[in-house]
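Down below is the structure, laid out as structure tokens.
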There are 2 protein chains.
Amino acid sequence: MKEAKNNTIHDVARVAKVSIKTVSRILNNDPRVREANVVKVKKAIIELNYKMDFNARRLRTKQSYLIAVLYFDYRGNFYANMVIGGAISACDELGYDVLIRPIKYSGENLMSSVMHMIERSNPDGFILPPPLCENQLLLELLNKKNIPLVRISPCDINGNDLVYCDEVSATQKAIQHLISLGHTEIGFINYLVGHAAGNWRYEGYKKALAEADIKERPELVEQHEYQANIVEHAARRLLKLPNPPTAIFTTNDASASIIYRVASQLNKKIPYDLSVMGFDDDPVVEYLWPPLSTVRQPVTELGYEAAKLLIRKFIQKEDVTEIVNPKCELLIRNSCGPLIS
Amino acid sequence: MKEAKNNTIHDVARVAKVSIKTVSRILNNDPRVREANVVKVKKAIIELNYKMDFNARRLRTKQSYLIAVLYFDYRGNFYANMVIGGAISACDELGYDVLIRPIKYSGENLMSSVMHMIERSNPDGFILPPPLCENQLLLELLNKKNIPLVRISPCDINGNDLVYCDEVSATQKAIQHLISLGHTEIGFINYLVGHAAGNWRYEGYKKALAEADIKERPELVEQHEYQANIVEHAARRLLKLPNPPTAIFTTNDASASIIYRVASQLNKKIPYDLSVMGFDDDPVVEYLWPPLSTVRQPVTELGYEAAKLLIRKFIQKEDVTEIVNPKCELLIRNSCGPLIS
DNA sequence: ATGAAAGCGCTAACAA
DNA sequence: TTGTTAGCGCTTTCAT
């Protein structure tokens with residue numbers, strides 16, 4: 001089936017005229033080898049086109065060199081894709097593979113799916129994007145089994161097993177942009193209540209208003225957990241207010257596109273009659289007109305840093321102290337215009 | 001780190017009072033064992049909570065029990081996600097794991113990425129969704145290395161290493177729907193030239209027109225390879241024709257959303273002044289208004305069948321003859337209305 | 001139908 | 001710093 005017999009460390013050792021253990025040491029970057037031997041062995045490795053057999057190493061070390069990424073499997077989950085892409089880059093660099101696991105529903109299904117994964121493939125660590133990073137049962141299970149994990153954007157950012165980006169000041173900047181355009185009546189639609197993102201983005205909204213001495217009008221704020229049609233109702237209510245907002249910030253781009261629809265039904269032209277600011281830079285916005293101003297979250301980078309932290313600090317027990325939290329970026333496109341009074 | 005010592009086949013053999021080879025045979029469904037022993041061993045396995053060590057098996061058999069899924073990594077590639085989801089379901093059932101590999105560009109990057117994957121993880125087989133299923137270099141490489149593969153929706157459907165669905169008749173039905181609404185001037189915008197999907201969908205369009213005795217107007221047909229803004233230009237040209245189409249079919253939903261935009265700019269109301277029919281049931285359409293009529297492609301099922309075929313027929317060499325090709329489904333929503341003359 | 005022994009390619013322990 | 005030896009847990013001869 002597969003190719004002819006592959007060379008092993010024995011062949012390398014023979015050609016380089018050293019012991020197999022020396023070869024093994026060089027393969028594993030053990031510093032206790034003479035430079036001359038390193039040179040000889042590296043030459044032999046190239047000459048023989050030697051490739052290490054990872055399964056033999058796995059058998060011996062009881063490590064799988066596999067990182068598991070869990071994610072909720074719903075249509076259009078671009079976030080998970082980006083996390084995975086980033087994790088794969090980091091794993092490539094560090095010699096690990098990524099195993100992914102789409103989760104269809106929470107509860108029973110989640111736990112049995114994870115158990116199955118552990119029993120079959122024995123991942124060396126887990127990456128948990130939101131909202132799975134909040135699941136206590138899951139966290140306890142991994143903890144009990146002593147399997148390290150890194151959480152992405154969890155609600156509680158105390159701890160050293162997480163990466164996130166500063167969404168508070170990112171949102172603050174987005175609202176500042178609206179304020180700089182002259183807006184003072186700024187609506188806020190949040191359907192991420194319960195996620196860290198929902199809390200952070202609301203906090204950023206409040207900070208931006210406060211620093212500009214704008215009093216928050218509670219009737220301009222809609223906060224909900226995810227639910228079908230909720231954004232549509234919220235947007236309709238806001239825009240039908242006697243003194244409606246002239247700009248709306250929403251916690252994610254998918255809802256921004258619903259606001260576009262409601263605005264069009266109410267004959268409000270974006271950005272002339274209404275400014276809209278989203279968050280995420282979701283691929284769906286590519287098809288919105290006018291192009292949506294939004295905040296790009298560095299999700300790929302979060303996946304990359306999560307995998308790197310997991311492997312280096314928690315699996316290979318390196319002494320990693322500095323944690324990199326990538327930055328958000330305000331993308332100004334055409335959905336926000338100056339206030340026309 | 002990990003739990004206490006796990007039980008091995010030796011423990012199972014001891015408890016069941018048979019040899020380890022008998023346990024191994026039962027684990028591998030070898031028929032040459034006495035029923036009484038099967039019962040004893042299965043009992044011991046449960047009693048000891050025995051889990052097979054897959055790495056030991058991998059080392060011994062030179063199989064990785066890994067299936068590789070390659071895909072192009074562009075924003076909003078929902079197709080790849082669905083293929084992967086389906087492949088994971090099938091692999092779960094059959095005891096394999098899925099390794100995924102996003103490809104950023106074709107050419108050099110693709111080949112080195114695949115080589116790297118083979119050297120590191122040695123997948124037992126590959127699943128190639130379009131357009132990677134057309135890449136001759138890749139096909140040759142896998143062929144030369146004797147690694148089995150299954151292609152999804154390739155241009156040439158002669159062969160037994162592929163799955164696809166009948167997009168010709170699916171498109172035909174979609175166009176029939178438009179015709180049944182009274183439309184005869186039906187535009188066709190294709191930006192999948194070079195993909196099997198592009199050819200098939202055009203064929204379905206022509207068949208539907210022919211069977212309704214509608215003469216194809218070449219100026220209503222736009223065929224292009226993927227290129228930015230091409231759909232916008234195409235839609236604008238069609239809709240500005242002296243005798244413009246009253247309905248447009250487009251080969252994918254993302255372009256449908258661009259047609260929505262152009263229509264709105266030209267003050268054509270969907271579905272009153274223009275009917276639009278898409279293809280794919282892409283998540284982006286959820287945010288289109290009015291809801292887009294389109295054709296759902298059973299992509300998850302294609303991924304599932306591809307993995308199943310790959311493993312059973314080409315890896316485990318079972319005698320699989322019947323190949324399941326899942327069906328497309330016409331989703332009638334609100335973007336197509338009757339012809340108002 | 002069943003078992004004993006060998007060995008897959010690697011790393012860990014220990015010795016030198 | 002280097003080498004020798006002994007397995008990791010499984011499957012595969014080859015006997016029986």
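Every value quoted in this text rests on a predicted model; they were computed, and no experiment measured them. Proteins get letters first, then strands, A, B, ... in listed order; numbering begins at 1 in each.
- With respect to A:Arg312 and A:Asp319, no salt bridge is recorded, no charged nitrogen being found less than 4.0 Å from a carboxylate O.
- Protein atom CG of A:Asp53 is 13 Å distant from nucleotide atom C1' of D:dC8, rounded to whole Å.
- Remark: A:Arg101 engages B:Asp92 in a salt bridge, criterion side-chain N to carboxylate O under 4.0 Å.
- Not a single donor-acceptor pair under 3.5 Å links the side chain of A:Asn325 to the backbone N or O of A:Cys165.
- Phosphate proximity of C:dA1 to B:Arg32: absent, as no side-chain N or O sits under 4.0 Å from OP1 or OP2.
- At the phosphate of C:dA1, neither OP1 nor OP2 sits under 4.0 Å from any side-chain N or O atom of B:Asn37.
- Ranking C:dT11, C:dC10, C:dT2 by closeness to the A:Thr61 side chain, first place goes to C:dT11.
- For B:His10 and D:dG7, the NE2 to P distance is 12 Å, given to the nearest whole Å.
- Phosphate contact (OP1/OP2 of C:dC10, side-chain N/O of A:Tyr50, threshold under 4.0 Å): present.
- Residue contacts shown for B:Arg58 are absent, as no nucleic acid heavy atom lies under 4.0 Å away.
- No donor-acceptor pair closer than 3.5 Å links the side chain of A:Ser121 to the backbone N or O of A:Pro123.
- Of the side-chain N and O atoms in B:Ser24, one or more sit less than 4.0 angstrom from OP1 or OP2 of D:dT11.
- Atom CZ in A:Arg57 sits about 22 Å away from atom P in D:dG7, given to the nearest Å.
- Between B:Lys17 and B:Leu59, it is B:Lys17 whose nearest contact on DNA chain C lies nearer the 5' terminus.
- Taking atom CG on B:Asn55 and atom P on C:dG9, their separation rounds to 15 Å, with Å as the unit.
- Between B:Arg25 atom CZ and C:dA1 atom C1' there is a gap of 7 Å when expressed in whole angstrom units.
- As a whole-Å value, the separation of B:Lys62 NZ from D:dC10 C1' is 12 Å.
- Judged by atom type and distance alone, B:Arg60 does not reach the base of D:dG9 through any side-chain donor-acceptor pair under 3.5 Å.
- Distance A:Lys21 NZ to D:dG7 P: 16 Å, rounded to the nearest Å.
- Between A:Ser19 and the phosphate of D:dG3, there is a side-chain N or O to OP1/OP2 separation shorter than 4.0 Å.
- For the OP1/OP2 pair of D:dG3 and a distance below 4.0 Å, the side-chain nitrogens and oxygens of A:Thr22 include at least one atom meeting the criterion.
- Here B:Ile20 lies in heavy-atom contact (under 4.0 Å) with a base.
- Between the C1' atom of C:dG9 and the CG atom of A:Leu48 lies a distance of 15 Å, rounded to the nearest Å.
- Within a 6.0 Å radius of NZ in A:Lys51, other residues, nucleotides and ligands contribute more than 12 heavy atoms.
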